[in-house]
Amino acid sequence: MHNIKVIRENFEEFKKIMKSRNVNFDLDSLLDLDKENRKLIQEKEILEMEKKKISKLKDKSLFSKSKEISSNIEVINNNQNLVNQKLNEILSSIPNIPLKDVPVGKDENFNKILSKHGDIKNFSFKPLSHYEIGEKLNMLDFDLATKTTGSRFVFVKGKLAALERAISNFMIDTHTQLNGYTEISPPLMATDDTMYGTGQLPKFENDQFEIKIDAKSDRKFLIPTAEVILTNMVKNQIVDLKSLPMRLVASTPCFRKEAGSYGKDTKGMIRQHQFYKVELVSIVENSNCKDELERMTNCATMILDKLKLPYRKIILSTGDMGFSAEKTYDIEVWLPSENKYREISSCSSCGTFQARRMKARYKNKNKDSNFVGTLNGSGLAVGRTLIAILENYQNEDGSIIIPDPLKPYMGNIDKISVN
RNA sequence: GGAGAGAUGGCUGAGCGGUUGAAAGCACCGGUCUUGAAAACCGGCAAAGGGGCAACUCUUUCCUGGGUUCGAAUCCCAGUCUCUCCGCCA
């Protein structure tokens, strides 16, 4: 959510920036609505002041006048609410303002590769895709998932299921023991205002799974990422300065409709309706966002370094960043079967954008209240890490070597083979 | 599922139709005292929004949304959430 005051003062620049973020609707109405809104507020306040005076005087002869004022207030108030609602509707669907060092461009072609890490292995045979390997092992079963549930789901079985669990545990342990994060096991559903807080609503409702406990109850949503529920832990709150920075990690299933990606990554488990992800969230003083983003990204890449998976780090352009982000690094892991890098983590600073929506504040040393800064990043996507291990650690005979850091989590076995 | 109780500032908690943005305590901040600290004492301490260059000033807010009233934290209605007891159950 934007601060209308700031927009008002730098309107032309704001419009230019939003163009770079592919906002193509007319923003001029924003200024008119803002003007109208403030005018109505002023009118209303004058009447309210009068009314207040009368009721304090307790003079019976003025009571009828006060009644009249009340009805006038009501009219103006209804008007003001309408205008305000319209204003908020527009404001809440405008994406965050990118930081200055974010490359400007309309889509992913303008993203910049920052660095490459790890050694890409030369295979003496043609490396198989993760789903070929998994099906050969009899440990990934897409047909079975189609039978019971539908497309974009998978059964992971046997040693591969254990490997998936091992990956998740290894990541969480690393982040809690080495990187200072606190482990959380959160609810997997969220209310609509929680979803609004991090920016999933109202604009991206059709990508969310909606749940109702009963016909009468309010709707809830399956979380598309733990970011939603972890970040909203500070919603509607004035956070104690001493508790900042808050660093949280959770491993949760994530649920996404993937509307609009029909025909994309239909094979395998790259893009599923349900997947596990280890998520990192930081709540910080807003001036520390930039540093925290670097720190968080390093925590994510640390996992890939330990697993010896080749990856590259890129910075997303203005047009490719998510709605709430002001700056985003994507980490992409090497997939031999596709002969290219694929996203495995996305780390974003949201500045105060989400905090404004959530009304999450803290008081600085001078007791001024400020919105907190929020950041989130995958540390890492578990399903995609499983894919990366299958593909990068495959042998010609169809077996998979277990990366060293995961062995303790796998009963110290060295590899997974076809039975 | 059945029967009750409640929701007030960062926290605990009073108030139950007007002078209450809200007592008191804790926490926090500043000061006095002290070699330093603690204690004690004195003072300060809600958020959001509007107007103003500013000093400042106005409005709103006591779970949410309606209603009664000249006037609501206080009365009425609906909803949400929390707690206690009984039943059921992982």
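The figures here come from the full heavy-atom set of this structure, side chains too, leaving out hydrogens, waters and symmetry mates. Chain identifiers are assigned alphabetically (A, B, ...) following the order of the sequence lines, protein sequences preceding nucleic acid strands; residue numbering begins at 1 within each chain. Everything numeric in this text was worked out from a predicted model, so none of it was measured.
Surrounding NZ of A/Lys212 are more than 12 heavy atoms belonging to other residues, nucleotides or ligands, all under 6.0 Å away.
The separation of B/U20 from B/U59, taken at their P atoms, amounts to 15 Å, rounded to a whole angstrom. The gap from the C1' atom of B/G18 to that of B/A5 amounts to 30 Å, rounded to the nearest Å. B/A46 and B/A22 have their C1' atoms separated by 11 Å, given to the nearest Å. Comparing B/C16 with B/C76, their P atoms sit 15 Å apart, to the nearest whole Å. Rounded to whole Å, the P atom of B/U82 lies 23 Å from the corresponding atom of B/C88. Comparing B/A54 with B/U61, their C1' atoms sit 27 Å apart, to the nearest whole Å. Across the C1' atoms, B/C53 and B/A48 are found 23 Å apart, a figure rounded to whole Å. Atom P of B/C56 sits at a distance of 13 Å from the matching atom of B/C45, rounded to the whole Å.
Sorted by first then second residue, the ring-ring contact (aromatic ring centres under 6.0 Å, His included) pairs that include residues 208-247 of chain A, not counting sequence neighbours, are A/Phe209-A/His273. Each salt bridge (charged side-chain N to carboxylate O under 4.0 Å, His left out) pair with one or both residues in residues 95-111 of chain A, not counting sequence neighbours, appears once here: A/Asp101-A/Lys327. The list of salt bridge (charged side-chain N to carboxylate O under 4.0 Å, His left out) pairs with a residue in residues 11-31 of chain A, not counting sequence neighbours, reads A/Glu12-A/Lys15, A/Lys15-A/Asp28. Among pairs with a residue in residues 151-169 of chain A, those fulfilling salt bridge (charged side-chain N to carboxylate O under 4.0 Å, His left out) read A/Asp141-A/Lys157, at least two apart in sequence or across chains.
In this structure, A/Leu87 atom CG and B/A48 atom P are separated by 18 Å, rounded to whole Å. Taking atom CZ on A/Arg356 and atom P on B/A48, their separation rounds to 11 Å, with Å as the unit. The CG atom of A/Asn77 sits 14 Å away from the C1' atom of B/G50 (whole-angstrom rounding). Atom CG of A/Asp192 is separated from atom P of B/C81 by 12 Å (rounded to the nearest Å). Atom CG in A/Asn3 sits roughly 11 Å away from atom P in B/A48 (whole-Å rounding). One can place CG of A/Leu244 at 14 Å from C1' of B/G10, the figure rounded to the nearest angstrom. Following rounding to the nearest Å, A/Leu241 (CG) and B/A27 (P) show an atom-to-atom distance of 19 Å. We find that NZ of A/Lys359 is positioned 19 Å from C1' of B/G10, with the value rounded to whole Å.
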Taking distance alone, no hydrogens or angles, what donor-acceptor pairs closer than 3.5 Å link side-chain atoms of residues 177-189 of chain A to residues at least two apart or in another chain?
from, atom 1, to, atom 2, distance (Å)
A/Asn179, ND2, A/His175, ND1, 3.1

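In this structure, A/Lys39 reaches neither bases nor backbone, as no heavy-atom distance under 4.0 Å exists between it and the strands shown.
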Derivation and outcome, side-chain contact (heavy atoms from CB on, under 4.5 Å), residues A/Met269 and A/Leu386:
CA-CA 10 Å; A/Met269 57 185 293; A/Leu386 181 70; 4.2 Å; yes
Worked check of side-chain contact (heavy atoms from CB on, under 4.5 Å) between A/Leu140 and A/Val156:
CA-CA 5 Å; A/Leu140 283 185; A/Val156 184; 3.8 Å; yes
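Partners of A/Phe275 according to the side chain to side chain contact (heavy atoms under 4.5 Å, CB included) rule, which considers only residues two or more places apart in sequence or in another chain, are A/Cys254, A/Arg256, A/Lys277. Partners of A/Ala325 by side chain to side chain contact (heavy atoms under 4.5 Å, CB included), not counting sequence neighbours, listed by chain and number: A/Met321, A/Thr328, A/Ser348.
Stem analysis of RNA chain B (at least three stacked-register Watson-Crick or G-U pairs, each with both distances under 3.5 Å) gives B:1-7 with B:80-86, B:10-12 with B:24-26, B:28-32 with B:40-44, B:46-51 with B:56-61, B:63-67 with B:75-79.
Closest-nucleotide positions on RNA chain B for A/Ile41 and A/Ile238 were compared, and the one nearer the 5' end corresponds to A/Ile238. Judged by closest nucleotide on RNA chain B, A/Lys56 is the one of A/Ser369 and A/Lys56 placed further toward the 5' end.
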Classify every nucleotide of nucleotides 58-73 of chain B by which part a protein heavy atom approaches to under 4.0 Å, writing B for the base, S for the sugar-phosphate alone and - for neither, in 5'-to-3' order.
BBS---------BS--
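Within the 4.5 Å cutoff, the side chain of A/Glu294 has heavy atoms near those of the A/Tyr329 side chain.
Neither OP1 nor OP2 of B/G10 sits under 4.0 Å from any side-chain N or O of A/Lys242. Side-chain N/O atoms of A/Arg38 include one lying less than 4.0 angstrom from OP1 or OP2 on B/G51.
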